[in-house]
Amino acid sequence: MSCWLPCWGTAHEGDPVSAAISSGPRLKAWLGPAVLLSLVLLLELCTRAGWVNAVLVPPPSAVALRVFTVVRAGSVIEPLGRTLYLLAVAYAIGCLLAIGVGVLMGRFRRVHGLLEPLVEVLRPLPKPALLPPLMLFLGLGDTMKITAVALGVFFPVLINTIQGVRGVDPVLVDVARTFQHSRAALLWKVVLPSAMPLVLAGMRIALGIALVLVVIAEMMAGTGGIGYLIIDLQRSFRVVDMYAWVVILAVLGYALNEVFVRIERRAIHWSGTRAG
């Protein structure tokens with residue numbers, strides 16, 4: 001029987017409704033960059049009109065030109081490489097230690113009861129507050145910076161690892177034991193894959209913390225890296241150069257987050273969650 005009633009709830013290709021639905025995701029994708037560009041243009045207008053002190057807040061066009069000059073001249077390579085080296089080493093150490101300790105605390109109640117008081121005492125402590133005592137004991141070199149950043153990375157990954165391990169479905173564990181898997185196989189094939197979404201969420205949070213801490217450590221130690229360069233330019237009142245390196249640092253943070261999100265999506269493609 002043919003349908004003689006109009007299909008009011010169906011949107012056909014070419015209709016205004018379907019066009020609006022298909023343009024929705026594209027509109028959302030452009031909305032964020034449009035807002036950012038609008039704010040930059042507004043700041044440019046304010047500085048050019050004299051509403052903002054251009055000596056303290058230079059026009060974004062001048063900062064962009066300086067960023068282009070620094071990148072083209074290759075001056076960005078050494079400070080950026082220095083900061084990335086410290087960040088990578090400290091981040092790897094902090095994550096590996098946190099995952100190892102977190103698995104033990106999540107799987108064994110005695111280990112959890114033994115270490116939880118120490119964790120809960122140190123975890124709320126602001127990690128920049130540890131920089132002065134670390135400078136006294138470890139000096140101003142790379143060891144102090146790596147230790148400070150690794151401590152900042154450790155606790156977010158640790159807490160998420162514990163929660164992830166404790167949240168493993170007991171049915172999966174029982175099935176693995178039924179098939180007579182060893183403890184190592186149970187850990188590697190069941191516990192870690194099930195806890196991986198929470199572990200990666202903690203690692204993503206820790207990545208931002210690590211970048212903040214490595215810059216603060218470089219500023220306080222005064223020995224190389226983007227953080228030292230920014231504070232040195234501020235003290236020399238080279239404002240445009242200072243803002244240019246702040247922009248470079250912001251781009252670095254954005255790029256690191258994007259790379260991590262892509263890795264996270266590949267690592268947990270089997271889960272129902274999507275990294276955002």
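Everything quoted here is computed from the prediction, not taken from an experiment. Positions are given from 1 along the sequence.
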**Study point:** Inter-residue atom distance Leu115.CG - Leu104.CG, 0.5 Å rounding
**Key:** 8.5 Å
Check your understanding: Any side-chain heavy-atom pair from Leu233 and Leu229 closer than 4.5 angstrom?
Key -> yes
Review point. What are the two closest non-hydrogen atoms of Arg82 and Gly225, and how far apart are they?
Key: CG-N, 3.8 Å
Practice item. Check whether any side-chain heavy atom of Pro58 sits under 4.5 Å from a side-chain heavy atom of Arg66, and report yes or no. Key: no
Review point. Less than 4.5 Å apart, any side-chain heavy atom of Val67 and any of Val251?
Key: no
Review point. Do the side chains of Leu252 and Leu84 get nearer than 4.5 Å, heavy atoms only?
Key: yes
Exercise for review: Could you tell me the separation between the CG atom of Asp232 and the CH2 atom of Trp245, rounded to the nearest 0.5 Å?
Suggested key: 12.0 Å
**Study point:** Rounded distance (nearest 0.5 Å) linking atom NE2 of His112 with atom CZ of Arg166
**Key:** 4.0 Å
Exercise for review: Any chance you could lay out the side-chain contact (heavy atoms from CB on, under 4.5 Å) test for Ile209 and Lys127, step after step, and finish with the verdict?
Suggested key: CA-CA 10 Å; Ile209 295 174; Lys127 301 310 173 287; 5.8 Å; no
Review point. Which other residues end up in the same hydrophobic cluster as Leu41, if Ile, Leu, Val, Met, Phe, Trp and Tyr are linked when side-chain heavy atoms come under 4.5 Å apart?
Key: Leu37
Revision key, fill the gap. Note: Ala210 and Tyr91 closest approach over all heavy atoms is CB-CD1, 4.3 Å
Review point. Are Val103 and Leu158 connected in the hydrophobic side-chain network, where two residues link if heavy atoms are under 4.5 Å apart?
Key: yes
Check your understanding: What do the steps show when you test Ile263 against Leu200 for side-chain contact (heavy atoms from CB on, under 4.5 Å), and what is the final call?
Key -> CA-CA 10 Å; Ile263 296 173; Leu200 288 174; over 6 Å; no
Revision key, fill the gap. Between Ile99 and Met203, the two heavy atoms sitting closest are CD1-SD, 4.3 Å
Revision key, fill the gap. Rounding to 0.5 Å, atoms OG1 (Thr83) and OH (Tyr228) come to a distance of 13.0 Å
Exercise for review: Dump the intermediate steps for side-chain contact (heavy atoms from CB on, under 4.5 Å) on Asp142 and Val89, then the final yes or no.
Suggested key: CA-CA 10 Å; Asp142 290 349; Val89 174; over 6 Å; no
Review point. Are any of the side-chain heavy atoms of Arg204 and Val261 separated by less than 4.5 Å?
Key: yes
Exercise for review: Mind checking side chain to side chain donor-acceptor pair (under 3.5 Å) for Thr161 and listing every partner two or more places apart, or none if nothing turns up?
Suggested key: none
Practice item. Hey, could you give me the CD/CZ distance between Glu120 and Arg123, rounded to the nearest 0.5 Å? Key: 4.5 Å
Check your understanding: Should Val52 and Val40 be regarded as members of a common hydrophobic cluster, given that ILVMFWY residues are connected when their side-chain heavy atoms come within less than 4.5 Å of each other, either directly or indirectly?
Key -> no
Check your understanding: Under 4.5 Å between side-chain heavy atoms, hopping through other hydrophobics if needed: is there a path connecting Val71 to Ile77?
Key -> yes
Review point. Hey, does Leu131 have a side-chain heavy atom less than 4.5 Å from the side chain of Met144?
Key: yes
**Study point:** Nearest non-hydrogen partners of Glu116 and Met105, listed with the distance
**Key:** N-CE, 4.0 Å
Check your understanding: Heavy atoms, side chains only, cut-off 4.5 Å: are Asn53 and Val57 in contact?
Key -> no
Check your understanding: From Leu213 CG over to Leu151 CG, what is the distance, rounded to the nearest 0.5 angstrom?
Key -> 9.0 Å
Check your understanding: So with a 6.0 Å cut-off around OH of Tyr85, is the heavy-atom count from everything else above 12?
Key -> no
Practice item. Could you tell me whether the side chain of Tyr243 and the main chain of Pro60 form a donor-acceptor pair under 3.5 Å? Key: no
Practice item. For the pair Arg110 and Leu114, evaluate side-chain contact (heavy atoms from CB on, under 4.5 Å) and give the outcome as yes or no after the intermediate values. Key: CA-CA 6 Å; Arg110 290 184 178 179; Leu114 181 65; over 6 Å; no
Review point. Does some side-chain heavy atom of Leu56 sit less than 4.5 Å from a side-chain heavy atom of Val239?
Key: no
Review point. What heavy-atom pair brings Pro124 and Val119 nearest, and what distance separates the two atoms?
Key: CD-O, 4.4 Å
Practice item. Find out if a path of hydrophobic residues (ILVMFWY) with successive side-chain heavy-atom gaps under 4.5 Å connects Val153 to Leu138. Key: no
**Study point:** Same apolar cluster: Ile216 and Leu86, side chain cutoff 4.5 Å
**Key:** no
Review point. Taking all atoms of both residues into account, what is the closest heavy-atom pair of Lys145 and Ala221, and its distance?
Key: CE-CB, 3.7 Å
